[in-house]
Structures are given as C-alpha cells and as structure tokens.
Protein chains: 2
Amino acid sequence: MSVENEQAEGQDLVELLRARGQRVTSQRLVILRELRRRELHATAEEILDAVRHDLPGTSIPTLYATLELLVELGLARKIDAGTGAALYDARTEPHQHMVCRDCGRIFDLDGEYRLESLVDAAKRLGFVADGAELVIHGRCADCAARIN
Amino acid sequence: MSVENEQAEGQDLVELLRARGQRVTSQRLVILRELRRRELHATAEEILDAVRHDLPGTSIPTLYATLELLVELGLARKIDAGTGAALYDARTEPHQHMVCRDCGRIFDLDGEYRLESLVDAAKRLGFVADGAELVIHGRCADCAARIN
DNA sequence: ATTGGTGCAAATCCTTTGCAATAGC
DNA sequence: GCTATTGCAAAGGATTTGCACCAAT
C-alpha cells in the first residue's frame, strides 16, 4: 500500500497506537481522517461538527484529548494564532502562518525562510505584515536536567 | 530630558495620547510604568496585582483595555505563548521567545536569527527545543484592499 | 458641561476535569 | 474481564461586555 493510502486509511495511526499499547478507536480514526481531508487548519469546533457527521455523539472532551494525542504522535500540529480558539492542522511539512488582523483568516507560508525576510515573503503574497511572533517550544535547561 | 527619563515618566505616552485626542489617566500611566519596571513579560494578573499597590481599585477591564491601547501605540508587545494567559512586555527591540513545556517559563532570545538556526541558538542557551511556531500578524490582501 | 474612561458584575468563549458507562484488547 | 477511552455535566481560567458613575478636557 502506498504511503498516501496508508495515511488516508489511518494505517499509520493504527501502528503508532499499537506500538504504544494504546487503543484504536473509531473516534481517533475519524478525527484524524477529518483533519487530513481539510486543506486548511480548523478549529476544534469545526472539526467536531464535521466528525459528528460520521460519528454522531462524539464529545468535546474526546475531541480535545484526541487532538492532543495526534499532536504528540506527530500526526498533527497545533497552531496558537492568538485568535481565541487554537487551530489544528495535519500538514507536517515546515511552514508558518499569517493571521489577518481584520478577518482573522489564517494563511500558510510554506518553506523555511530567514526570519528577517519573512515579512517580505508575506508581502509578495499581498499580505501587509505588521508584526511577527516566533515562539519556540521545548524544555528549558532546568527542566531538561531534572527529567533526563 | 533624556529619552530614558522621558520613558520612565511616561512622557512619551502622554504625547501619543494627546496626539490622538485621548485622555491621560493615572491608570494608563501607572500600568505603563509597571510594565516598564519589569525585566520580564508579565501576565495581566501579575500586572494588576502590582498596579493595585500604586492605584488601588484598578479594574480588570481597564487593565485589558489599557494593555491593548499600549500595544496599539507601539509601547508594548503582546505575546501569545500558548500557555493560557497572554503575556505583555514593554521591550520594543526585536526578540523572540522560548516557552518551557514543563515549567511554562518564558525565556528571551535576543536579536534577529535565521529561522532554521533558531533551534541551535536556543540549544546554546541550554534550551532543548522541539518545535517552533512563527505567526505573522497583519492584514491579508483582501482586507488591505477593502480598507485602504 | 461633555463624553471618554472607569469599575462593577455578569457573560462569554475555549478548554479541562470528575465520574459513571462503554468498548477495545 | 480488565482498564483505557468515552460522554455527560459541570467547572475552570482568561478575557470581554453592558451599563451607571466619574473625572479629564
């Protein structure tokens, strides 16, 4: 089976879950499938609405737990754009985001750029950038020392 | 008066407010002064506690409104680190942030870096980075066209 | 005197928690 | 059968809103 079909079927998720001794549930499969069907990042609420088509009764806590799990497994990405609700995205390639101050829409900015040229790259796309925030996530020296 | 004293006294804020026909209130002056006194970014709650020392009775809505105003005036910066509460900072120089997954502390990363070398820069500071999110804020092509 | 700014209380929005019921292994 | 996962209801934290009062111009 090709990588694309494997992903479409969620076979990769099944394997990751088995490797960790976690259960394969229909909620997990459907949520990942829905996330992959989308071109664009979606809020938890948008995903929930779509998921309930296929799996009525899916609950909010399950959705959040599953999204967190998918992020942990590297199958999804969480984007905190500062617009209230967090966004989720199954795109794993390196890319950044642009948030419109007015309409709140989020646009992709593909590839790896020099930080100082990102505003220019955005401008080429017609986006009038007035600021950029980069947040690095990880473990500080103290916590890394304490845990490892 | 030197630029430093001007800032310490909030004279720059006074001028910006007058230029916009907005009122100079003690709340606005005290909140900016408190923000400038700090080395590190602070949450709204932390700022409120400190401000109430100088100006008891200061309210939460006023605090948020003032912080938003300061950001709009370019005197402060809002950092959405994805840790629940937003952070505010009176540092205007270009710098980025690192968030510890465990203790939640935020560390500064000064200067302008190449995006792909930021993880290395963080590593040099003992920070074990496992991801970076860059969010560009501004106006999308559609909104820019509609407004200008 | 005018009206922008403030404080209060309550509402809203997003997300997490506690717990009993259910479904994978 | 065992226990992780689920759904429900309710709680939680951060921020915003509506409105009457106050204070800067």
Side-chain angles (χ1 to χ4, degrees), chain A residues 10-11 13-32 34 41-49 51-52 54-73 76 78-88 99 101 104 106, chain B residues 10-11 13-32 34 41-49 51-52 54-73 76 78-88 99 101 104 106:
Chain A
Q11 203 50 48
L13 172 57
V14 172
E15 280 160 25
L16 284 166
L17 288 172
R18 293 234 166 94
R20 292 166 51 123
Q22 288 185 280
R23 293 177 187 172
V24 179
T25 65
S26 46
Q27 288 85 344
R28 288 174 176 172
L29 290 169
V30 170
I31 289 167
L32 178 59
E34 183 50 43
H41 3 262
T43 61
E45 196 186 359
E46 286 165 353
I47 298 163
L48 187 64
D49 288 348
V51 162
R52 278 177 168 163
D54 294 12
L55 206 63
T58 302
S59 73
I60 295 172
T62 297
L63 176 68
Y64 280 105
T66 303
L67 289 171
E68 193 186 341
L69 175 66
L70 293 176
V71 169
E72 206 181 312
L73 293 174
K78 182 181 181 181
I79 302 149
D80 234 299
T83 47
L87 297 166
Y88 294 87
V99 188
R101 260 187 216 307
I106 316 278
Chain B
Q11 203 49 47
L13 173 57
V14 171
E15 280 159 26
L16 285 165
L17 288 171
R18 294 234 165 95
R20 292 165 52 123
Q22 290 186 280
R23 294 179 186 171
V24 179
T25 65
S26 45
Q27 287 85 346
R28 288 173 176 174
L29 290 169
V30 169
I31 288 168
L32 178 59
E34 184 50 43
H41 3 261
T43 61
E45 196 186 358
E46 287 166 352
I47 297 163
L48 187 63
D49 288 347
V51 161
R52 279 177 167 163
D54 294 11
L55 205 63
T58 302
S59 73
I60 295 171
T62 297
L63 176 68
Y64 279 105
T66 302
L67 289 171
E68 193 186 341
L69 175 66
L70 293 176
V71 169
E72 207 181 313
L73 293 174
K78 182 181 181 181
I79 302 149
D80 234 299
T83 47
L87 297 166
Y88 295 87
V99 188
R101 261 188 215 307
I106 316 278

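Just so you know, these numbers come straight off a predicted model, no measurement behind them. Below, chain A is the first sequence line, B the second, and so on; all start at residue 1.
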query: Just to confirm, is there a sub-4.0 Å distance from OP1 or OP2 of C:dG4 to any side-chain nitrogen or oxygen of B:Thr25?
result: no
- prompt: Is a donor-acceptor contact shorter than 3.5 angstrom present between the side chain of B:Arg23 and the base of C:dG5?
  reply: no
Closest to the B:Thr66 side chain, choosing from D:dC2, C:dT15, C:dT6: C:dT6
- request: Compare the minimum distances between each of D:dA9, C:dT15, D:dT16 and the side chain of B:Ile60, then state the nucleotide with the smallest one.
  value: D:dT16
- line: When rounded to whole Å, the CZ to P distance for the pair B:Arg18 and D:dT25 reads 6 Å
query: B:Leu55 CG to C:dT6 P: how many Å, rounded?
result: 10 Å
task: Send over the distance from B:Glu45 CD to D:dA14 P, rounded to a whole Å.
output: 6 Å
- prompt: Between B:Ala85 and B:Gln27, who's closer to the 5' end of DNA chain D by nearest nucleotide?
  reply: B:Ala85
message: Taking 4.0 Å as the cut-off, does a side-chain nitrogen or oxygen of B:Tyr64 come that near to OP1 or OP2 on D:dT15?
response: yes
- request: Rounded to the nearest angstrom, tell me the gap between atom NZ in A:Lys78 and atom C1' in C:dT16.
  value: 11 Å
- prompt: Between B:Gln22 and C:dG5, is there a side-chain N or O to OP1/OP2 distance below 4.0 Å?
  reply: yes
task: Write down the distance between OH (B:Tyr88) and P (D:dA14), rounded to a whole number of angstrom.
output: 12 Å
- line: So CG of B:Leu29 and CD of B:Gln11: to nearest 0.5 Å the spacing works out to 9.0 Å
query: Stepwise, does the side chain to side chain contact (heavy atoms under 4.5 Å, CB included) test hold for A:Thr25 with A:Leu17?
result: CA-CA 10 Å; A:Thr25 65; A:Leu17 288 172; over 6 Å; no
field: Nearest-Å distance for atom pair CG/C1', residues A:Leu48 and C:dT15
entry: 13 Å
query: Can a donor-acceptor pair under 3.5 Å be found between the side-chain atoms of A:Arg28 and the base atoms of D:dT5?
result: no
query: Reckon B:Thr58 touches a base, only the sugar-phosphate, or nothing at all at heavy-atom distances under 4.0 Å?
result: sugar-phosphate
query: Separation of B:Leu29 atom CG from D:dA23 atom C1', in whole Å?
result: 14 Å
- prompt: Which nucleotide in the set C:dG5, C:dG7, D:dT3 lies at the smallest distance from any side-chain heavy atom of B:Thr62?
  reply: C:dG7
query: Only one of A:Thr66, A:Leu87, A:Leu63 clears side-chain contact (heavy atoms from CB on, under 4.5 Å) with A:Ile47; which?
result: A:Leu63
- request: Mind checking B:Ala65 for me? I need base, sugar-phosphate or nothing, with any heavy atom below 4.0 Å counting as a touch.
  value: nothing
message: Is it true that, when you exclude A:Gln22 itself, more than 12 heavy atoms of the residues, nucleotides or ligands shown sit nearer than 6.0 Å to its CD?
response: yes
- request: Would you mind reading off the distance between B:Glu46 atom CD and D:dA14 atom C1', rounded to a whole angstrom?
  value: 14 Å
query: Do other residues, nucleotides or ligands put more than 12 heavy atoms under 6.0 Å from the CD atom of A:Glu68?
result: no
message: By the 4.0 Å heavy-atom rule, please label B:Gly57 as base, sugar-phosphate, or nothing.
response: sugar-phosphate
